[in-house]
Amino acid sequence: QVQLVESGGGLVQAGGSLRLSCAASGRTSSRYVMGWFRQAPGKEREFVAAITWSGASTYYTDSVKDRFTISRDNAKNTMTLQMNSLKPEDTAVYYCAAGSSYSDPARYNYWGQGTQVTVSS
């Protein structure tokens, strides 16, 4: 089992920045892909970004490329999502997850409880 806890969400104006963190505990020795997903009210959960265990490869949905950066520190069992140039459409609950895929939420085994990000216009 892996437990994931997100932090760093909040309210920010459009154009601002936020840094989300995800702390993992439990069976962290497994080489999971780590990812961020988000869900806005009335919408399905969508993929945001993912990073391989080594950190050598990262993946982003098109709408956040060049604005968001995903990273991880396996020694500290943490993952971060640096979000710059935020837009109102980035408003959602953000979830971190651990699994074996990149963009398919069905292949993520473990999920955090989510953290709210609200971007005002």
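Computed from heavy atoms alone, side chains included, the values below leave out hydrogens, waters and symmetry copies.
Taking Phe68 as the reference, nothing meets the ring pair (Phe, Tyr, Trp, His ring centres under 6.0 Å) condition, with sequence neighbours excluded. Every residue meeting the side-chain contact (heavy atoms from CB on, under 4.5 Å) condition with Lys43, not counting sequence neighbours, appears here in chain and number order: Ala40.
For the residue pair Ser21 and Thr80, no side-chain donor N or O sits within less than 3.5 Å of a side-chain acceptor on the partner. Between the side chains of Asp73 and Thr78, not a single donor N or O lies within less than 3.5 Å of an accepting N or O.
Of all heavy-atom pairs spanning Val117 and Met83, the tightest one is CG2-CE, 3.9 Å. The two residues Leu4 and Ala97 come nearest to each other via the heavy atoms CD1-CA, 3.6 Å. For the pair Met79 and Ile51, the tightest heavy-atom approach, listed with the atom from each and the gap, is SD-CG2, 4.2 Å. The two residues Leu18 and Leu86 come nearest to each other via the heavy atoms N-CD1, 3.7 Å. Ala24 and Val2 make their closest contact through CB-CG1, 4.4 Å (heavy atoms, listed as atom of the first residue, atom of the second, distance).
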Note to self: Using side-chain contact (heavy atoms from CB on, under 4.5 Å), reason through Leu20 and Thr115 one step at a time and then give a plain yes or no.
What the structure shows: CA-CA 8 Å; Leu20 303 184; Thr115 185; 4.0 Å; yes
Margin query: Before you tell me yes or no, could you show the steps for Gln116 and Thr91 under side-chain contact (heavy atoms from CB on, under 4.5 Å), namely the whole-Å CA-CA distance, both residues' side-chain angles and the distance that decides it to 0.1 Å?
Written below: CA-CA 8 Å; Gln116 177 70 47; Thr91 296; 4.0 Å; yes
Item checked: Tyr32/Tyr108 under ring pair (Phe, Tyr, Trp, His ring centres under 6.0 Å): CA gap, chis, key distance, verdict -> CA-CA 9 Å; Tyr32 293 109; Tyr108 280 80; 9.4 Å; no
Next item on the list: Would you please test Glu46 and Phe37 for side-chain contact (heavy atoms from CB on, under 4.5 Å) and show each step?
Entry: CA-CA 5 Å; Glu46 67 168 349; Phe37 291 77; 6.0 Å; no
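The shortest side-chain heavy-atom distance between Asn74 and Trp53 falls under the 4.5 Å cut-off.
Interatomic distance, Gln82 CD to Ser17 OG, rounded to the nearest 0.5 Å: 6.0 Å. A distance of 16.0 Å separates CH2 of Trp36 from OG1 of Thr61, quoted to the nearest 0.5 Å. Residue Ser121 holds its OG atom at 10.0 Å from CD of Glu89, rounded to the nearest 0.5 Å. With values rounded to the nearest 0.5 angstrom, Gln3 atom CD is found 11.5 Å from Asn77 atom CG. Within the model, atoms CE of Met34 and CG of Leu81 stand 11.5 Å from one another, a figure rounded to the nearest 0.5 Å.
Centroid-to-centroid, the aromatic rings of Tyr59 and Phe47 stay 6.0 Å apart or farther.
Within the structure, side-chain hydrogen bond (donor to acceptor under 3.5 Å, both in side chains) contacts touching residues 93-107 (residues at least two apart or in different chains) are Arg38-Tyr94. Residues in residues 53-68 take part in these salt bridge (Lys or Arg N to Asp or Glu O under 4.0 Å) pairs, two or more places apart or across chains: Asp62-Lys65, Arg67-Asp90. Residue pairs that meet the disulfide bond (SG atoms under 2.5 Å apart) test with at least one member in residues 54-93, sequence neighbours left out, do not exist here.
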Solution key, residues 6-15 side-chain donor-acceptor pairs under 3.5 Å, sequence neighbours excluded:
from	atom 1	to	atom 2	distance (Å)
Glu6	OE1	Gln113	N	3.0
Glu6	OE1	Gln113	NE2	3.4
Glu6	OE1	Gly114	N	2.9
Glu6	OE2	Cys96	N	2.9
Glu6	OE2	Gly114	N	3.2

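When the side chains of ILVMFWY residues are joined at heavy-atom separations under 4.5 Å, either directly or via intervening members, Tyr110 and Ile70 end up in a single hydrophobic cluster.
Looking at Arg31, its side chain never comes within 3.5 Å of a backbone N or O of Ser54 through a donor-acceptor pair.
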